[in-house]
Asker: 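Let me begin by handing over the structure; questions about it come next.
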2 protein chains.
Amino acid sequence: MKMGQTENIYLNDPKWVREFLTGLFKTAIDAANPELCLPQFLPEPPRGRTIVIGAGKASAKMAQVLEKHWKGPLSGVVVTRYGHAVPTQKIEIIEGSHPVPDIAGYNATQRIKECVSGLKGDDLVICLISGGGSALLVDPVKELGFEQKQKINQALLKSGASIDEMNCVRRHLSRVKGGRLAALCHPAKVISFLISDVPGDNVLDIASGPTVPDPTSCADALQILDRYSITLPDDIRSLLETWQLETIKPDDPCMKNVEWHLITTPQMALEAAAQKAKDIGLSVHILGDAIEGEAAELGRVMSGLAKQVSRRDQPFARPCVLLSGGETTVTVKGNGRGGRNVEFLLGLAVALNGASGIHAVAGDTDGVDGLEEIAGAYISPNTLARANLLKIAAREYLANNDGHSFFEKLDDAITTGPTLTNVNDFRAILIS
Amino acid sequence: MKMGQTENIYLNDPKWVREFLTGLFKTAIDAANPELCLPQFLPEPPRGRTIVIGAGKASAKMAQVLEKHWKGPLSGVVVTRYGHAVPTQKIEIIEGSHPVPDIAGYNATQRIKECVSGLKGDDLVICLISGGGSALLVDPVKELGFEQKQKINQALLKSGASIDEMNCVRRHLSRVKGGRLAALCHPAKVISFLISDVPGDNVLDIASGPTVPDPTSCADALQILDRYSITLPDDIRSLLETWQLETIKPDDPCMKNVEWHLITTPQMALEAAAQKAKDIGLSVHILGDAIEGEAAELGRVMSGLAKQVSRRDQPFARPCVLLSGGETTVTVKGNGRGGRNVEFLLGLAVALNGASGIHAVAGDTDGVDGLEEIAGAYISPNTLARANLLKIAAREYLANNDGHSFFEKLDDAITTGPTLTNVNDFRAILIS
């Protein structure tokens with residue numbers, strides 16, 4: 001703690017605490033804003049042509065920022081989710097369906113493939129990848145129809161296979177994933193800018209790695225399909241058995257001129273928020289950038305941890321801020337208006353039961369928690385008491401997965417508008 | 001870290017790690033053993049008589065230890081759960097039903113009341129209280145039958161009332177809780193020795209506080225019943241309305257000669273294990289003594305935290321041990337042989353997916369995780385791989401709530417036998 005900084009901390013002022021915590025959330029979103037995190041990574045324009053391609057929920061916004069800062073001619077095509085397009089002048093933006101692919105995504109993928117065909121060694125392809133790109137960049141191997149591909153996907157989801165195993169199979173059944181899109185750009189140089197929304201930030205996992213070489217093989221994919229007894233049409237199976245669906249391997253010559261930059265990640269967003277807390281002299285602890293689990297249950301667990309801090313200064317001394325990211329899940333049982341973050345906060349508030357000195361904020365960094373344009377919410381030690389006065393019972397709203405209604409009635413919802421980026425959830429708990 | 005202690009750490013030796021972690025679990029159990037934690041609290045014998053009473057799962061064992069160490073005459077009656085009696089010579093042990101009360105518990109309670117009637121000022125009552133005592137010490141107000149009491153209890157459980165609210169109502173409908181048992185001992189001195197199994201270790205919450213004054217009133221109980229629209233028989237309601245069911249208040253003269261000692265708590269057990277890890281030079285962090293939530297979900301959350309430590313030395317530097325206690329829940333969906341701790345470990349192992357350098361142990365300090373005489377289990381980075389070789393899929397066993405079968409097949413179950421004490425669950429995760 002630097003001298004003179006504690007004078008900026010007003011932990012006994014509820015208004016200050018609320019503004020401080022919502023400010024941390026906004027700092028995390030800013031850290032993930034392509035406008036702020038992309039420009040410094042841009043290379044010098046090449047001698048040849050510059051082609052921009054990309055796929056993902058943030059990719060139209062990334063294209064817009066790229067256009068604004070690029071010092072040379074460029075053209076290209078980027079596919080994003082319905083409703084996520086932004087105005088561009090040189091790069092064409094196409095919208096498609098996510099999470100279930102549609103023909104618009106397929107057509108966009110064909111346009112992207114056309115863009116990168118016939119390039120030369122002094123050309124440059126800039127690939128803008130973000131979460132959701134896997135469903136938007138869709139090009140199943142010829143022998144596999146849309147429907148058949150969907151069937152295999154469903155079988156994988158039901159099988160109990162891990163996400164790594166599912167992705168291995170998916171990469172081998174696509175014509176653009178597992179490095180194949182980068183191979184189509186050869187011999188041009190390929191630079192990918194990626195916004196990570198996957199635990200571990202493995203570039204192969206973001207949008208199924210269209211420009212990233214794949215260390216797994218057809219044999220691995222077959223082994224996984226056999227392990228979970230998933231049947232394939234005979235012609236596809238024989239293509240896998242004869243290695244005709246092989247992805248691009250790390251030592252493939254066409255990968256020599258390919259590089260990746262993670263321009264923002266959940267951890268980077270958490271670090272930015274942590275720095276802001278440190279700057280005013282508060283202790284801050286990052287619990288994890290990939291904390292998963294049922295949202296309300298995570299709330300209960302965090303309540304136990306926060307109470308330990310509050311009662312015993314264990315495992316952290318007070319006052320302090322606990323930050324975490326990642327993507328929780330909500331098993332919907334009610335019919336309310338909910339989202340992962342408000343569900344987490346309701347679970348936390350109920351478990352804390354008004355414990356003094358504990359405030360929290362949680363929100364989705366894409367600005368949309370669940371299906372509504374509400375990013376998240378805020379809780380304080382008097383959240384339950386205020387709800388009781390309004391005759392709304394937190395437990396009932398939680399049971400009905402109705403977090404947005406609950407926090408709207410308390411005037412504690414946080415709205416940011418769509419941020420056109422996504423580094424998953426952001427949670428901050430202040431224990432004073 | 002003291003000089004020369006790191007030589008005792010062999011984090012690369014799986015056998016050492018396993019013995020170390022199971023050793024921590026046993027240290028926690030020992031810290032909760034009445035044989036080790038009761039004797040130092042015993043007072044000098046009084047001039048008058050010494051009467052021993054008590055209720056709870058550990059109370060027979062506490063009585064046995066007391067007899068062995070007491071330097072004077074004594075007599076008394078203690079009620080414990082079926083199967084939890086141990087041989088005693090002077091104190092009568094009666095078994096009753098838990099968690100649903102039965103007539104045996106009711107009769108034992110009457111015997112206890114007889115024991116403490118007609119005492120004098122120089123007599124001493126020693127009261128041995130532990131978890132489960134609330135169901136074993138059963139004496140509803142006369143106007144309320146067993147059945148009616150059960151009905152109100154069911155309504156409370158369904159209502160969404162908090163545990164504090166439910167306990168307030170229960171205390172007012174009992175003739176021995178909320179300090180009333182201590183009042184019956186008046187004018188004798190009353191010393192209670194308590195083993196806590198409740199979050200927060202509030203002595204009023206352990207077995208509903210038979211010897212602890214109650215700050216809540218009949219008016220509070222009525223307000224709670226009204227808040228959750230729970231109807232009472234008219235005669236009971238009118239008793240509450242006319243303050244005839246009032247519990248004993250902190251300023252009641254008969255509470256002057258009453259004291260309590262928490263002889264062991266979940267936190268004390270965690271601290272004992274922490275000290276053992278520190279003694280060999282390992283960093284250790286206590287995350288909480290009352291961590292609650294769905295067991296498998298807690299496993300997923302802990303996986304996220306452990307991976308953050310492993311990848312980034314956040315929020316703790318490696319190597320370190322993370323300890324936690326408390327009581328998770330299991331929503332049973334399958335028909336396997338499960339328990340809270342093996343469910344937690346399965347959830348953790350599946351989420352860790354073989355992450356290197358992370359080992360864990362979890363167990364119930366009473367030696368019985370779920371319904372079987374298995375205390376808990378152990379996982380290592382190769383747990384899933386070894387299970388795959390045996391053709392048993394962790395995910396399937398988890399879905400079937402079949403943790404005990406899973407860990408038995410791997411020979412990773414931990415058996416301690418019934419420990420006759422209970423400070424809830426114990427979890428330790430080592431990240432090297």
Side-chain angles (χ1 to χ4, degrees), chain A residues 159-165 199-201 227-228 267 270-271 274 284-309 311-312 314-316 320 322-326 328-329 331 347 350-351 353-355 384 388 393-396 398-399, chain B residues 159-165 199-201 227-228 267 270-271 274 284-309 311-312 314-316 320 322-326 328-329 347 350-351 353-355 384 388 391 393-396 398-399:
Chain A
S159 70
S162 71
I163 184 74
D164 290 346
E165 291 171 326
D201 301 325
R227 182 176 306 149
Y228 298 101
Q267 177 72 12
L270 293 170
E271 295 279 7
V284 57
H285 307 280
I286 299 178
L287 303 178
D289 67 342
I291 302 279
E292 299 175 289
E294 186 73 18
E297 298 301 314
L298 177 62
R300 293 177 72 182
V301 174
M302 288 289 180
S303 162
L305 180 60
K307 282 181 177 170
Q308 187 79 357
V309 174
R311 289 182 70 194
R312 301 201 172 90
Q314 282 183 340
F316 310 112
C320 68
L322 309 182
L323 300 180
S324 65
T328 60
T329 43
T331 304
V350 167
N353 196 24
L384 294 194
N388 277 341
R395 276 162 215 273
E396 283 170 24
L398 179 55
Chain B
S159 70
S162 72
I163 184 74
D164 289 345
E165 291 172 324
D201 301 326
R227 183 175 304 150
Y228 298 103
Q267 178 72 13
L270 292 169
E271 295 279 7
V284 58
H285 308 280
I286 299 178
L287 304 178
D289 68 341
I291 303 279
E292 299 175 288
E294 186 71 22
E297 297 302 313
L298 177 62
R300 292 176 74 183
V301 173
M302 288 289 179
S303 161
L305 180 61
K307 282 180 177 170
Q308 186 79 357
V309 174
R311 288 182 71 195
R312 301 199 173 92
Q314 281 183 340
F316 310 112
C320 68
L322 309 182
L323 300 181
S324 65
T328 60
T329 43
V350 167
N353 196 23
L384 293 193
N388 278 341
K391 303 264 179 216
R395 274 162 217 274
E396 283 170 25
L398 180 55

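None of these values were measured; they are calculated from a predicted model. We use all heavy atoms of the structure for the numbers below, so side chains are in, but hydrogens, waters and symmetry mates are not. Here is how names work: the chains are called A, B, and so on, in the same order as the sequence lines, proteins then strands, and each is numbered from 1.
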Asker: Could you check which of B:L298, B:D289, B:I291, B:L322 has the highest count of heavy-atom pairs closer than 4.5 Å to chain A?
Answerer: B:D289
Asker: Look up atom CG in B:L384 and atom CZ in B:R395, then write down how far apart they are to the nearest 0.5 Å.
Answerer: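 Answer rounded to 0.5 Å: 8.0 Å.
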Asker: Could you list the residues that satisfy salt bridge (charged side-chain N to carboxylate O under 4.0 Å, His left out) with A:E271, not counting sequence neighbours?
Answerer: none
Asker: Out of A:Q267, A:R300, A:R311, A:M302, return the one with the most heavy atom pairs under 4.5 angstrom to chain B.
Answerer: A:Q267
Asker: Mind checking the NE2-CG spacing from B:H285 to B:L270? Nearest 0.5 Å is all I need.
Answerer: 14.0 Å
Asker: Pick from B:G200, B:A399, B:G304, B:A290: which one has the most heavy-atom pairs with chain A under 4.5 Å?
Answerer: B:G200
Asker: Quick check on A:D164 against chain B: is it the side chain, the backbone, both or neither that has a heavy atom closer than 4.5 Å?
Answerer: side chain
Asker: Where does B:N353 contact chain A at under 4.5 Å (heavy atoms): side chain, backbone, both or neither?
Answerer: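 Contact with chain A is through the side chain of B:N353 alone.
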Asker: Ignoring hydrogens and geometry, is there a side-chain-to-backbone donor-acceptor pair from B:K307 to B:A351 under 3.5 Å?
Answerer: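 Flag set: sc B:K307 to bb B:A351 pair under 3.5 Å.
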Asker: In terms of heavy-atom pairs under 4.5 Å with chain A, which of B:N388, B:V284, B:L287 leads?
Answerer: B:L287
Asker: Not counting sequence neighbours, which residues clear side chain to side chain donor-acceptor pair (under 3.5 Å) with B:S324? List them please.
Answerer: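 Side chain to side chain donor-acceptor pair (under 3.5 Å) check on B:S324 returns B:R427.
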Asker: With a 4.5 angstrom heavy-atom cut-off, could you sort out which part of A:R312 is near chain B: side chain, backbone, both or neither?
Answerer: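 Contact with chain B involves the side chain of A:R312 alone.
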Asker: Can you measure from CD1 (B:I286) to CD (A:Q308) and round to the nearest 0.5 angstrom?
Answerer: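 The CD1 atom of B:I286 sits 7.0 Å away from the CD atom of A:Q308.
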Asker: Please classify the contact between B:T328 and chain A as side chain, backbone, both or neither, with a heavy-atom cut-off of under 4.5 Å.
Answerer: neither
Asker: Quick check: does any side chain N or O of A:E294 sit under 3.5 Å from a backbone N or O of B:E297, one acting as donor and the other as acceptor?
Answerer: no
Asker: Which answer fits A:S303, side chain, backbone, both or neither, if we ask what part of it has an atom under 4.5 Å from a heavy atom of chain B?
Answerer: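 It is neither, since no heavy atom gets under 4.5 Å.
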